[in-house]
Amino acid sequence: MSEDDLDLLVGDGAPRRLGRSDTAALADLYAYPDRPWVRANMVASLDGAATDGEGRSGGISSSVDKAVFRVLRGLADVVLVGAGTARAEGYGPASPQEWAAAGRAAAGRRPAAVVAQVTRSGRVETGRGMFDEPGRALVVMPDGDREALDRARAAAGEDAVVLAGHVDRGGADLAMAVSALAERGLTRVLCEGGPALLGALAAADLLDELCLTTSPALVASDASRVVTGDLPEPRGMVLAHLLHAESSLLARWVRDRG
């Protein structure tokens, strides 16, 4: 194997090396449990920045981080992302992955994950044909703001808007949102940020797992952390596995609900 493959340092069984192109092995390592599950995937610099100096996570990512990113998307039913992050990162619809096609079809799942943008204002990323095909993308937002609802429905279509909570109580009610997505058969949730959305999921104690890549870089800017907002108390996590490649560390942390 090449030097840029992944060393499994901590996990089930003895430490071993995984090929980054061995998607079956990586998919097994990151397999979802057989129940509704909310996973987040984020990257941070050594000094805790969630983005580079230009406000994009891609600047602190790496090829191995992107390889795992693709596997996580191939496993998910729905990618949950803040609309602001979707705009900043130039999101489009998720693409089917050949390695995942047979398993997804056998399980009766869509060819690719649905992208669900969370917004309060109704302003969403529409680029790269995000809403051109019905069923590939959704908008999650609170009810009660007619102008925002009209804006979202004009961009995404009537059936693509998922109402969760009421605007008078703040942003979207994420517990209601996760439940509504599950009713659509989207039980394997992958949150890709941003930090405010991840913080809201953690505050509601909906986050079951955090996949965090630590990038070998110092940013030293005013970039936000991976999680922002207020938690009523610290959320305990347990290390499920730890991978190493290209001086990056890829950790999978699972919520300790014991």
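- Between D52 and G59, the shortest heavy-atom contact is OD2-CA, 3.2 Å.
- Rounding to the nearest 0.5 Å places NZ of K66 at 3.5 Å from OG of S61.
- In terms of the side chain to side chain donor-acceptor pair (under 3.5 Å) criterion, residue partners of E192 (sequence neighbours excluded) are, by chain and number, R73, Y91.
- Side chain of E89 to backbone of R56: no donor-acceptor contact under 3.5 angstrom is found.
- With sequence neighbours excluded, the residues satisfying salt bridge (charged side-chain N to carboxylate O under 4.0 Å, His left out) with R153 are E158.
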Report the C-alpha separation of T228 and L198 in whole Å, then their side-chain angles, then the decisive distance to 0.1 Å, and conclude whether the side chain to side chain contact (heavy atoms under 4.5 Å, CB included) test is met.
CA-CA 7 Å; T228 59; L198 186 51; over 6 Å; no
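- The OG atom of S21 sits 6.5 Å away from the CG atom of D5 when rounded to the nearest 0.5 Å.
- Under the 3.5 Å distance criterion, with hydrogens and angles disregarded, a donor-acceptor pair is assigned to the side chains of R20 and S63.
- With sequence neighbours left out, A112 forms a side-chain contact (heavy atoms from CB on, under 4.5 Å) with A94, P96.
- Take A204 and apply the side-chain contact (heavy atoms from CB on, under 4.5 Å) test, not counting sequence neighbours, and it matches L206.
- Of all the heavy atoms in V167 and P142, the pair that sits closest is N-CB, 3.6 Å.
- Exactly one residue among H241, R252, R39, E209 makes a side-chain hydrogen bond (donor to acceptor under 3.5 Å, both in side chains) with Y30. That residue is H241.
- Residue pairs meeting the salt bridge (Lys or Arg N to Asp or Glu O under 4.0 Å) criterion with at least one partner in residues 217-245, sequence neighbours excluded, are E233-R235.
- Linking Ile, Leu, Val, Met, Phe, Trp and Tyr residues whenever their side-chain heavy atoms come within less than 4.5 Å leaves L181 and L190 in two separate clusters.
- By the 4.5 Å heavy-atom criterion applied to side chains, M42 and L210 are counted as neighbours.
- To the nearest 0.5 Å, atoms NE2 (H244) and CZ (R17) are separated by 9.0 Å.
- Not counting sequence neighbours, the partners of D47 by the side chain to side chain donor-acceptor pair (under 3.5 Å) test are S45.
- A251 meets the side-chain contact (heavy atoms from CB on, under 4.5 Å) test with L239, L242, W253; sequence neighbours excluded.
- The side-chain hydrogen bond (donor to acceptor under 3.5 Å, both in side chains) pairs that include a residue from residues 104-117 are D77-R109, where partners are two or more places apart or lie in different chains.
- A side-chain donor-acceptor contact under 3.5 Å links R255 to the backbone of G236.
- Clustering ILVMFWY residues whenever any of their side-chain heavy atoms sit less than 4.5 angstrom apart, transitively, puts L75 in the very cluster that holds L250.
- Residues V81 and L163 share a hydrophobic cluster, clusters being chains of Ile/Leu/Val/Met/Phe/Trp/Tyr side chains in contact below 4.5 Å.
- Shown here for C191 and L197, the closest heavy-atom pair between the two residues is SG-CD2, 3.9 Å.
- L26 contributes atom CG, which lies 10.5 Å from atom CZ of R70 (distance to the nearest 0.5 angstrom).
- Cluster annotation: L174 and V79 are assigned to distinct hydrophobic clusters (Ile/Leu/Val/Met/Phe/Trp/Tyr, side-chain heavy-atom contacts under 4.5 Å, transitive).
- Contacts of E147 classified as salt bridge (charged side-chain N to carboxylate O under 4.0 Å, His left out), with partners at least two apart in sequence or in another chain: R151.
- Under the 4.5 Å side-chain criterion, counting only non-hydrogen atoms from C-beta, T213 is not in contact with L249.
- Pairs passing the ring pair (Phe, Tyr, Trp, His ring centres under 6.0 Å) check and including a residue from residues 170-196, sequence neighbours excluded, do not occur.
- Closest non-hydrogen pair, P93 versus R128, comes out as CD-O, 3.3 Å.
- A chain of hydrophobic side-chain contacts below 4.5 Å, direct or via other Ile, Leu, Val, Met, Phe, Trp or Tyr residues, connects L201 to M237.
- The minimum heavy-atom distance between T51 and A223, with the atom names listed, is OG1-CB, 3.4 Å.
- With T187 contributing its side chain and P36 its backbone, the two residues share no donor-acceptor pair below 3.5 Å.
- The heavy-atom pair separating L243 from L18 by the smallest distance is CD2-CD1, 4.1 Å.
- Legend: residues meeting side-chain contact (heavy atoms from CB on, under 4.5 Å) with P216, ordered by chain and number and at least two apart, are S247, S248.
- Taking the side chain as every heavy atom from C-beta outward, V161 and L138 never approach each other to under 4.5 Å.
- For D208, the side chain to side chain donor-acceptor pair (under 3.5 Å) partners are R257, not counting sequence neighbours.
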Does the pair V139 and V162 meet the rule for a side chain to side chain contact (heavy atoms under 4.5 Å, CB included), with working shown?
CA-CA 6 Å; V139 178; V162 178; over 6 Å; no
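- Exactly one residue among D65, T214, L46, V43 makes a side chain to side chain contact (heavy atoms under 4.5 Å, CB included) with I60. That residue is V43.
- Between the side chain of Y32 and the backbone N or O of V189, at least one donor-acceptor pair lies under 3.5 Å.
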Give the intermediate values and the outcome of side chain to side chain contact (heavy atoms under 4.5 Å, CB included) for residues W37 and V254.
CA-CA 11 Å; W37 192 261; V254 176; 4.0 Å; yes
